[in-house]
Amino acid sequence: MSANDAMDVDAKGSSNTQDAKAPSPDYKLRFILSGHTSSISSIKFSPDGSLLASAGPDKMIKLWDTESGDIVHTFKGHTEGINDIAWSSDGEFIASASDDKTVIIWSMELREPVKTLRGHTNVVYCVNFSPHSNMLVSGGYDETVILWDIARAKPMKVLPAHSDPVTAVTFNHDGTLIVSCAMDGLMRIWDAESGQCLKTLVDDDNPICSFVQFTPNSRFVLCSTQDSTVRLWNYQTSRCVKTYTGHVNRTYCIPNAFVTTSSKGKYVVSGSEDGRIFIWDLQSRQVVQVLEGHRDVVLAIAAHPTRNIIASASMEKDLTIKLWTDT
């Protein structure tokens with residue numbers, strides 16, 4: 001998402017849309033995608049939205065056509081399960097983070113792995129490309145964040161980032177900052193060039209941080225924690241400005257997503273351990289829709305870059321990916 005997808009959250013976090021009641025979203029199930037043989041840990045839309053990539057402990061990455069719901073390709077190559085996947089900004093490559101301690105970069109054109117990044121000493125749990133896709137950042141159970149030079153397939157910086165496994169790491173929209181979070185309950189903002197820690201954010205109760213990302217304009221970060229709460233933080237002032245609740249998240253690392261494509265409003269989306277998907281109005285913090293259909297914990301969630309489509313994926317008792325559309 002580009003920087004000019006401005007989030008209308010002011011510094012105090014107050015709502016600018018208190019008077020007008022916006023129409024609620026009306027997402028409906030469109031496709032059920034089946035093919036994985038174990039829990040699905042990560043799903044990501046390609047930058048143009050034409051493909052959805054999915055991965056999990058079955059060591060496979062599957063590509064799906066978002067128009068038809070058909071399976072397009074299956075990548076195999078990791079020797080252990082996959083925890084996270086990420087697209088390069090041009091849609092030419094996918095990076096995958098695995099229990100086998102590696103990050104593999106896969107070429108969409110060649111349909112094969114082109115680089116294997118070795119440097120983590122334990123499970124690699126999270127991965128993301130920089131906006132220009134010349135760098136990659138990964139985090140893992142070795143409690144480090146590694147910044148990679150993709151061309152050389154070598155670590156540029158190894159940051160002793162946290163005192164527990166790193167659960168999420170990503171860049172801001174221009175690649176100057178990195179945010180990470182971990183099971184130690186801390187979120188940290190890093191200078192991507194120097195590797196210096198600029199800010200540490202922590203909630204009073206210090207719940208495990210499952211996931212964090214910058215808002216599209218990079219002025220805030222949205223963090224999911226295992227006290228069943230999603231929080232929007234102004235990292236410049238170190239203040240939590242909004243909280244989103246209603247879902248269940250006490251055990252698993254469940255990501256959140258932004259929906260900025262709808263004319264009805266801007267939304268925050270999260271999976272839930274009760275098998276549901278919660279959609280909140282970004283400004284009012286109200287639950288505006290709850291999607292039901294999964295039979296197990298909704299472990300992965302993704303929002304389409306240009307259309308009103310949400311993808312969700314679930315665990316052992318379900319093993320499906322569902323695509324929901326709001327017309």
Side-chain angles (χ1 to χ4, degrees), residues 1-3 7 9 11 83-84 86 88-89 95 97 101-103 105 115 117-204 206-225 231-241 253 255-256:
M1 292 184 217
S2 67
M7 291 299 212
V9 183
N83 297 305
D84 195 20
S88 61
S89 54
K101 305 178 190 173
T102 70
V103 173
I105 298 176
K115 285 191 166 70
L117 309 183
R118 293 182 172 90
H120 282 285
T121 58
N122 206 330
V123 166
V124 192
Y125 197 75
C126 46
V127 67
N128 264 303
F129 282 91
S130 66
H132 299 300
S133 300
N134 60 325
M135 292 186 296
L136 193 82
V137 70
S138 61
Y141 279 26
D142 59 9
E143 302 171 4
T144 68
V145 165
I146 298 184
L147 194 59
W148 303 87
D149 178 331
I150 295 177
R152 292 170 54 241
K154 292 272 194 299
M156 293 162 59
K157 290 192 169 52
V158 180
L159 309 178
H162 292 273
S163 58
D164 273 312
V166 179
T167 52
V169 64
T170 191
F171 289 89
N172 68 340
H173 73 270
D174 63 5
T176 55
L177 299 177
I178 292 166
V179 64
S180 65
C181 71
M183 291 184 182
D184 59 11
L186 304 182
M187 286 169 285
R188 291 208 153 120
I189 311 280
W190 308 85
D191 182 288
E193 191 173 10
S194 69
Q196 186 179 358
C197 180
L198 303 176
K199 185 80 76 168
T200 299
L201 305 174
V202 59
D203 190 71
D204 294 341
N206 200 30
I208 287 173
C209 291
S210 299
F211 182 81
V212 69
Q213 65 173 326
F214 285 97
T215 55
N217 66 7
S218 297
R219 285 178 50 217
F220 303 85
V221 293
L222 192 68
C223 182
S224 296
T225 45
R231 291 178 177 85
L232 187 73
W233 288 79
N234 179 332
Y235 58 87
Q236 274 129 352
T237 62
S238 302
R239 283 182 58 241
C240 171
V241 293
C253 288
N256 57 58

Query raised in the report: Looking only at atom types and distance, does a side-chain atom of Asp184 sit under 3.5 Å from a main-chain N or O of His162, one as donor and one as acceptor?
Result: no
Requested in this report: Measure the spacing between CG of Asn122 and NZ of Lys101 and express it to the nearest 0.5 Å.
Outcome: 6.0 Å
Query - Shortest non-hydrogen contact between Trp148 and Gly119, atoms and distance - result: CH2-N, 3.6 Å
Query raised in the report: Taking all non-hydrogen atoms of both residues, which atom of Cys126 and which atom of Asp84 are closest, and how far apart?
Result: CA-OD2, 3.4 Å
Report summary line: Sequence neighbours excluded, the answer for ring-ring contact (aromatic ring centres under 6.0 Å, His included) partners of Phe211 is none
Query raised in the report: Parallel under 30°, tilted from 30 to 60°, perpendicular over 60°: which one fits the rings of Tyr235 and Phe214?
Result: perpendicular
Query raised in the report: With a 4.5 Å heavy-atom cut-off, do Asn172 and Val179 have their side chains touching?
Result: no
Query raised in the report: Where the side chain of Thr215 meets the backbone of Phe220, is there a donor-acceptor pair that is under 3.5 Å apart?
Result: yes
Query raised in the report: Can you name the ring-ring contact (aromatic ring centres under 6.0 Å, His included) partners of Tyr125, sequence neighbours left out?
Result: Tyr141
Query raised in the report: Does a side-chain heavy-atom distance below 4.5 Å link Leu177 with Leu198?
Result: yes
Query raised in the report: Of the non-hydrogen atoms in Lys115 and Ala153, which two are nearest, and what is the gap between them?
Result: CD-CB, 4.0 Å
Query raised in the report: Would you say Asn83's side chain and Val124's backbone share a donor-acceptor pair under 3.5 angstrom?
Result: yes
Requested in this report: Using a 4.5 Å cut-off on heavy atoms from C-beta on, say whether the side chain of Asp174 contacts that of Ser218.
Outcome: no
Query raised in the report: For the atom pair OG (Ser194) and CG (Leu159), what is the distance rounded to the nearest 0.5 Å?
Result: 9.0 Å
Query raised in the report: About how many Å separate CD1 of Ile178 and CG of Asp191, when rounded to the nearest 0.5 Å?
Result: 8.5 Å
Report summary line: Separation between CE (Met183) and CD (Glu143), nearest 0.5 Å, reads 10.5 Å
Requested in this report: For the residue pair Phe129 and Ile150, establish whether any side-chain heavy-atom pair is separated by less than 4.5 Å.
Outcome: yes
Query raised in the report: Side chains of Val169 and Asn128: closer than 4.5 Å at any heavy-atom pair?
Result: no
Requested in this report: Compare all side-chain heavy atoms of Arg231 with those of Pro207 and state whether any distance is below 4.5 angstrom.
Outcome: yes
**Report entry** Thr167 side chain to Ser210 side chain, donor-acceptor N/O pair below 3.5 angstrom
**Finding:** no
Report task. Could you check if a side-chain atom of Ser133 sits within less than 4.5 angstrom of a side-chain atom of Ser89, using non-hydrogen atoms only? Result -> yes
Query raised in the report: What pair of heavy atoms forms the shortest contact from Met187 to Cys209, and how long is it?
Result: CG-SG, 4.1 Å
Requested in this report: Mind listing the closest non-hydrogen atom pair of Val137 and Phe171 along with its distance?
Outcome: CG1-CE1, 3.6 Å
Query - Short side-chain to backbone donor-acceptor contact, Lys157 and Glu193, under 3.5 Å - result: yes
Query raised in the report: At their closest point, which heavy atom of Ala95 faces which heavy atom of Val127, and how far apart are they?
Result: O-CG1, 3.9 Å
Query raised in the report: Quick one: salt bridge (Lys or Arg N to Asp or Glu O under 4.0 Å) partners of Arg188, sequence neighbours excluded?
Result: none
**Report entry** Spacing of Leu201 atom CG and Cys240 atom SG [to the nearest 0.5 Å]
**Finding:** 10.0 Å
Query raised in the report: What is the distance from atom OG of Ser88 to atom CG of Asn134, rounded to the nearest 0.5 Å?
Result: 11.5 Å
Query raised in the report: If you draw a 6.0 Å radius around CD in Gln236, do more than 12 non-hydrogen atoms from other residues or ligands fall strictly inside?
Result: yes
Report task. Check whether any side-chain heavy atom of Ile189 lies under 4.5 Å from a side-chain heavy atom of Val221, and answer yes or no. Result -> yes
